[in-house]
Undergrad: 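I am attaching a structure below and will ask some questions about it afterwards.
Not measured: the values here are computed from a predicted model.
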Amino acid sequence: MRNRVFVLMSIVALITAGTIFALGKREAVMAHFQHPGGGMQHGFGPEMLDHIARELNLTEAQKTQVKVLFEAGRNAIEPIHQKMDDVHKQLELATENGQFDEAQVRALASQQAQLWPR
């Protein structure tokens, strides 16, 4: 019986410690996904292009074609991402300090839903 209690308490301690560690590292993890201007990173960076080129053994001409496609996609989607970021900031403000206006949050969520192409 003592062993079971000890094992159970050890498991609870490990889960608690893991949760505390994960919560403490949240900012470091999220910083990995953000670009210097703030907000989430959208699209593919040079590292992704290099990785794809290596994995697919692309020629220089193919790399250039892929880069052109990525740039065209980024240019097409960037205004949508900017609007999504703006609405997200509005959502954060609308729910700041425990306040919650359901009508406002629903309206902002609807705006976000309309932005994303189907």
Side-chain angles (χ1 to χ4, degrees):
M1 183 68 175
R2 275 187 177 166
N3 287 340
R4 284 186 181 180
V5 171
F6 179 74
V7 169
L8 182 60
M9 293 304 288
S10 297
I11 291 171
V12 169
L14 283 172
I15 291 171
T16 303
T19 302
I20 291 170
F21 177 76
L23 290 174
K25 294 294 184 181
R26 178 184 181 278
E27 294 303 318
V29 171
M30 291 307 293
H32 174 74
F33 294 103
Q34 294 187 354
H35 58 80
M40 297 300 287
Q41 178 176 319
H42 303 297
F44 296 104
E47 303 85 17
M48 181 61 77
L49 183 59
D50 291 341
H51 174 73
I52 290 171
R54 259 192 327 275
E55 291 298 313
L56 298 176
N57 295 321
L58 298 179
T59 65
E60 287 302 317
Q62 290 170 323
K63 288 182 200 177
T64 301
Q65 289 175 333
V66 170
K67 187 174 182 177
V68 168
L69 290 172
F70 279 177
E71 288 298 320
R74 181 177 309 155
N75 291 339
I77 203 79
E78 187 58 36
I80 294 171
H81 280 290
Q82 183 59 49
K83 289 177 186 173
M84 290 286 278
D85 287 343
D86 293 344
V87 174
H88 180 77
K89 288 175 187 172
Q90 291 176 38
L91 276 168
E92 286 180 343
L93 289 173
T95 58
E96 197 171 55
N97 299 324
Q99 65 185 0
F100 184 78
D101 178 354
E102 184 177 352
Q104 183 182 18
V105 170
R106 283 185 181 273
L108 291 169
S110 179
Q111 284 180 26
Q112 278 190 331
Q114 296 301 314
L115 287 172
W116 210 241
R118 300 182 204 284

Undergrad: Mind checking the CG-CZ spacing from L69 to R74? Nearest 0.5 Å is all I need.
TA: 12.0 Å

Undergrad: Within the distance-only criterion (no hydrogens, no angle test), does the side chain of Q99 pair as donor or acceptor with the backbone N or O of L93 below 3.5 angstrom?
TA: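 At least one qualifying donor-acceptor pair exists.
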
Undergrad: Enter the distance from Q65:CD to E60:CD here, rounded to the nearest 0.5 Å.
TA: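 Those atoms lie 12.0 Å apart.
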
Undergrad: Any donor and acceptor pair, going by atom type alone, linking the side chain of Q62 with main-chain N or O of T59 inside 3.5 Å?
TA: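 Yes, because the side chain of Q62 sits within donor-acceptor range (under 3.5 Å) of the backbone of T59.
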
Undergrad: List for me each residue that meets side chain to side chain donor-acceptor pair (under 3.5 Å) alongside E55, sequence neighbours excluded, and say none if there are none.
TA: none

Undergrad: Rounded to the nearest 0.5 Å, what separation is found between the CG atom of L115 and the CG atom of D85?
TA: 10.5 Å

Undergrad: Taking the side chain as every heavy atom from C-beta outward, state whether L49 and K67 have any atom pair closer than 4.5 Å.
TA: yes

Undergrad: If you measure from the Lys or Arg side-chain nitrogens to the Asp or Glu carboxylate oxygens, is any gap between K89 and E92 under 4.0 Å?
TA: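 Salt bridge: no.
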
Undergrad: To the nearest 0.5 Å, how far apart are CD1 in I77 and CE in M84?
TA: 9.0 Å

Undergrad: Does some side-chain heavy atom of F70 sit less than 4.5 Å from a side-chain heavy atom of N75?
TA: no

Undergrad: For a 4.5 angstrom cut-off between non-hydrogen side-chain atoms, does L108 reach H88?
TA: no

Undergrad: Could you list all the salt bridge (Lys or Arg N to Asp or Glu O under 4.0 Å) pairs where at least one residue sits in residues 95-111, not counting sequence neighbours?
TA: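 Listed once each, the pairs are E102-R106.
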
Undergrad: For the residue pair Q90 / D86, report whether a side-chain donor-acceptor contact shorter than 3.5 Å exists.
TA: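 There is no such pair between these side chains.
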
Undergrad: Please assess L91 against Q112 for the test side chain to side chain contact (heavy atoms under 4.5 Å, CB included), listing each intermediate value before the final yes or no.
TA: CA-CA 10 Å; L91 276 168; Q112 278 190 331; 3.8 Å; yes

Undergrad: D50 and side-chain contact (heavy atoms from CB on, under 4.5 Å): which partner among E47, R54, M48?
TA: R54

